[in-house]
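Before any comments, here is the structure.
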There are 2 protein chains.
Amino acid sequence: MTVSSGTHDAWAAALRAHGRRVTKQRLAVLAAVEHHPHSPAEAILAAARQELPDLTAQSVYVVLGDLTDLHMLRRFEPPHSPALYETRVGDNHHHAVCISCGRVEDVECAVGHAPCLTPHWGADAKPMTIQIADVLYQGICQDCQRTQQLPSDRN
Amino acid sequence: MTVSSGTHDAWAAALRAHGRRVTKQRLAVLAAVEHHPHSPAEAILAAARQELPDLTAQSVYVVLGDLTDLHMLRRFEPPHSPALYETRVGDNHHHAVCISCGRVEDVECAVGHAPCLTPHWGADAKPMTIQIADVLYQGICQDCQRTQQLPSDRN
DNA sequence: GCACTTATTATGACTGCCTCACAATAAGGC
DNA sequence: GCCTTATTGTGAGGCAGTCATAATAAGTGC
């Protein structure tokens, strides 16, 4: 499997390959994201602090931003949610979020390996060179469907 | 019908149909969004103030949120951008954003009227009942491609 | 047309998520 | 080991949006 490399050594190699230094903070962040996919910065900070108690929130933001730019992490931002991160990069899978509880599930690409990468441009639109297509499904997860409370307003 | 109703009277009727009162503020916000599609709340406020100088930002937020809940407006949130609004609702068109300059273009649905509404769930994923699928294309627009500056980091 | 009810708007304070500027630390090349 | 400079820590700050409450005005019935 798995597109995400997953091991300490692989991450160290990837960091070096991108000209980054291999620090315990960066490895801790990568491990935290690996173990808590679809987590916001705050949760990643909390997880990474279990092994690195002095890690600061700002460092996590810097690291997450940098690793995202390097495509070692993937970031996506569901509506009404802080940005979420995951180590699964390179494939183009998508995400489904429950509009009731916010749960996130991975969704395999429905159209092959480059889904919908050829958009149908409107008459007056100026086409762009598309690089990625993020598909965000929104629905109701099974749990929330059972307990029909719909706890308010996650639009 | 053009999904976006577009006229003062149509909006008034729609507001009443949803049990909302027809105020000049709400009509001004609707007109502003109609004339400035893909605009953030701040720009909508500025536009609406041209005819309603005393309109406040908070009212715009309230109105935009309410009209979005009623599906009279559609909201979407590109990465690193405040929420954008448009009057085109009901169809499921998508959006392409230029990662360099932030320009937004409409994209017709590529797969019919309910694109990718049948996601391929991963082995360990718990399927959800999908209601909508937003597709967000990211690429480089023609203008930015010419001027290869890539003014930094709009990831 | 006029009062009255209550949705809607205005006012002001406030929060969450994240960025910026700069000083302190430590990774990697010599 | 030493040195350079990326990386991290520290603290302040900002944008986008929310919350609580008071003032206003749309729609209703008379």
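A note on names: the letters A, B, ... follow the listed sequences, proteins ahead of strands, and every chain is numbered from 1.
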N/O donor-acceptor pairs under 3.5 Å from side chains in residues 40-49 of chain A, not counting sequence neighbours:
{"residue": "R49(A)", "atom": "NE", "partner": "L55(A)", "partner atom": "O", "Å": "2.7"}
{"residue": "R49(A)", "atom": "NH2", "partner": "L55(A)", "partner atom": "O", "Å": "2.8"}

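Taking the side chain as every heavy atom from C-beta outward, I140(B) and M128(A) never approach each other to under 4.5 Å. Between V33(B) and L67(B) there is no side-chain heavy-atom pair separated by less than 4.5 Å.
Nearest-nucleotide positions on DNA chain D for Q58(A) and V63(A) put V63(A) closer to the 5' end. With the nearest nucleotide of DNA chain D identified for both Y61(B) and V22(B), Y61(B) has the one nearer the 5' end.
Bracketed by its first and final contacts, the part of DNA chain C lying under 4.0 Å from non-hydrogen atoms of chain A reaches from dC17(C) to dG28(C) in 5' to 3' order. Running 5' to 3' along DNA chain D, contacts with non-hydrogen atoms of chain B at under 4.0 Å begin and end at dA16(D) to dG27(D).
A salt bridge links R74(B) with D134(B): at least one charged nitrogen is closer than 4.0 Å to a carboxylate oxygen.
Other members of a hydrophobic cluster containing Y61(A) are absent, since no ILVMFWY side chain comes under 4.5 Å of it, directly or through relayed contacts.
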- Task: Apply side chain to side chain contact (heavy atoms under 4.5 Å, CB included) to C141(B) and S100(B), showing your working.
- Result: CA-CA 8 Å; C141(B) 75; S100(B) 179; over 6 Å; no
- Query: Between H95(A) and H38(A), does a side chain to side chain contact (heavy atoms under 4.5 Å, CB included) hold up when you go through it step by step?
  - Reply: CA-CA 10 Å; H95(A) 297 106; H38(A) 312 141; 3.6 Å; yes
- Task: Evaluate side chain to side chain contact (heavy atoms under 4.5 Å, CB included) for I99(A) paired with Q131(B), printing each intermediate quantity in order.
- Result: CA-CA 9 Å; I99(A) 59 179; Q131(B) 298 183 332; 3.1 Å; yes
- Message: The test is side chain to side chain contact (heavy atoms under 4.5 Å, CB included); show your working for F76(A) and V104(A) and say whether it passes.
- Response: CA-CA 11 Å; F76(A) 75 105; V104(A) 175; 3.7 Å; yes
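The end-to-end axis angle of the helix from dG1(C)-dC30(D) to dC30(C)-dG1(D), rounded to 10 degrees and based on five pairs per end, is 40°.
For the 3.5 Å distance criterion, the side chains of Q25(B) and S59(B) fail to qualify, holding no donor opposite an acceptor.
In this structure, CD in E34(B) is found 9.5 Å from OG1 in T7(B), a value given to the nearest 0.5 Å.
Against DNA chain C, the stretch residues 39-56 of chain B makes heavy-atom approaches under 4.0 Å through D54(B), L55(B), T56(B).
Residue T23(A) is classed as a sugar-phosphate contact, given heavy-atom separations below 4.0 Å to backbone atoms only.
The 12-atom threshold is exceeded at NE2 of H18(B), counting heavy atoms of other residues, nucleotides or ligands nearer than 6.0 Å.
Closest approach of G65(B) to R75(B), counting heavy atoms only: CA-NH2, 4.1 Å.
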